[in-house]
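One structure is given here, and the rest of the page talks about it.
Only heavy atoms go into these numbers, but all of them, side chains included; no hydrogens, no water, no symmetry mates. Numbers for residues simply follow the sequence, beginning at 1. All values derive from a computational prediction rather than experimental measurement.
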Amino acid sequence: GQVGGEVAALELCKIRGLIVQGIDELNTMGEPPMVSVAARGDLVGLKLLLAAKCSLDSCCIDGTTALHSAAMMGHTDYVRVLLDLGMSPLSHKIPLSEGPDGRPDKLTPLSPLHFASVQGHIGVAKLLVEAGGQELVTARDNEGATCAIIACSQCHEDLLTYLGQQGGRELLMMKQDSGKTCAHAAANAGCVGALRYLYQECGIEMFQTVGSWSVCTVAYGAAHNGYVEALEFVCGLDGGSLLLLPDSSGFTALQRMLDDRIVADMMLKYGGFD
């Protein structure tokens, strides 16, 4: 009968090493069986856990679900199965902090697409976007970062292009709470291909955005991190005027560069910036 089937599935889960005692346990990393199996992309294990009545929506104390885990690891087929089983890429939340009892007391949106974007898993991203639509494409994390900003920060140019096709200029121009844009993220990472794409899609306006002091300007971000090619590209836009663009504190990128000994030495070494 049904009970016998659950018991048999539970024993098979133990034999396969999916669980030790029961379906509600957590491993040493704080993961329930459903999440740890997703990280491995074990589809047979998923079927056994479901047969043993393990909840598909079980999650870690930090809110990570099987869908987040599979998306992070790039298990495209596993993500497809989870979506077919009804998991939504929009419905999950990751806690920003914990209360006195160790349980989440504040939730912030962090979608499986954010997890996939960190690693640049474009196949997973396409599945998630097909399921989540525009709401997912423009979703932000707890600092206001979109998946496009994350893709820029990790130099995932193919993923950035795909997200740009889905969300258009509106997505690419979105800012974090600090004012950081896709252009800031790409410059900070030295991702020249992303900078070219952003200029092609958004024009000079993308590079004229100024964030908080910690963000400064796009030109300074490239220079401060030592990315000469990225700095040369940015300086070549609009006749080099971006070097004279003041940040939120009133300092231009050129002034901040000269205050930074490492950047000043780099400018002298490579020339063309005097």
Item to check | Basic-acidic side-chain contact under 4.0 Å: D177, R140 | outcome: no
Checklist outcome for this item: Applying side-chain hydrogen bond (donor to acceptor under 3.5 Å, both in side chains) to R169 and not counting sequence neighbours gives E205
Item to check | CD-CG distance between E229 and L195, expressed to the nearest 0.5 angstrom | outcome: 9.5 Å
Next on the checklist: side chain to side chain contact (heavy atoms under 4.5 Å, CB included), that's the test. Do L18 and R40 meet it? Break it down for me.
Outcome noted: CA-CA 11 Å; L18 307 180; R40 298 197 297 268; 3.3 Å; yes
Checklist entry - Rounded to the nearest 0.5 Å, what separation is found between the CD atom of E130 and the CD atom of Q166? => result 8.5 Å
Next on the checklist: Could you walk me through whether L160 and L172 satisfy the side chain to side chain contact (heavy atoms under 4.5 Å, CB included) test, starting with their C-alpha distance in whole Å, then the side-chain angles of each, then the deciding distance to 0.1 Å, before giving a yes or no?
Outcome noted: CA-CA 9 Å; L160 172 64; L172 298 176; 3.9 Å; yes
Next on the checklist: Show me the pairs that pass side chain to side chain donor-acceptor pair (under 3.5 Å) and involve residues 22-34, at least two apart or across chains.
Outcome noted: N27-E31
Checklist outcome for this item: Residues L83 and P89: closest non-hydrogen pair is CD2-CD, 3.9 Å
Item to check | Exercise: identify the closest heavy-atom pair between L136 and V129 | outcome: CD2-N, 4.0 Å
Checklist outcome for this item: OG of S36 to CG of L49, rounded to nearest 0.5 Å, is 7.5 Å
Item to check | Step-by-step side chain to side chain contact (heavy atoms under 4.5 Å, CB included) determination, T65 to D57 | outcome: CA-CA 7 Å; T65 67; D57 292 320; over 6 Å; no
Checklist entry - Checking D141 side chain against E143 main chain: does a donor-acceptor pair fall under 3.5 Å? => result yes
Next on the checklist: Between S153 and I150 (side chain of the first, backbone of the second, donor and acceptor by atom type, cut-off under 3.5 Å), is there such a pair?
Outcome noted: yes
Next on the checklist: If we ignore hydrogens and angles and just use 3.5 Å, is the side chain of H156 paired with the main-chain N or O of G120 as donor and acceptor?
Outcome noted: yes
Next on the checklist: Quick one: does any side-chain atom of H184 pair with a main-chain N or O of G221 as donor and acceptor, under 3.5 Å?
Outcome noted: no
Checklist entry - Where is the tightest heavy-atom contact between C54 and S58, given as atom of each residue plus distance? => result SG-OG, 4.4 Å
Next on the checklist: Quick one: does any side-chain atom of H114 pair with a main-chain N or O of T146 as donor and acceptor, under 3.5 Å?
Outcome noted: no
Checklist entry - If only atom types and distance count, is the side chain of H68 paired as donor or acceptor with the main-chain N or O of F115 below 3.5 Å? => result no
Checklist entry - Is there a donor-acceptor pair under 3.5 Å between the side chain of T161 and the backbone N or O of E157? => result yes
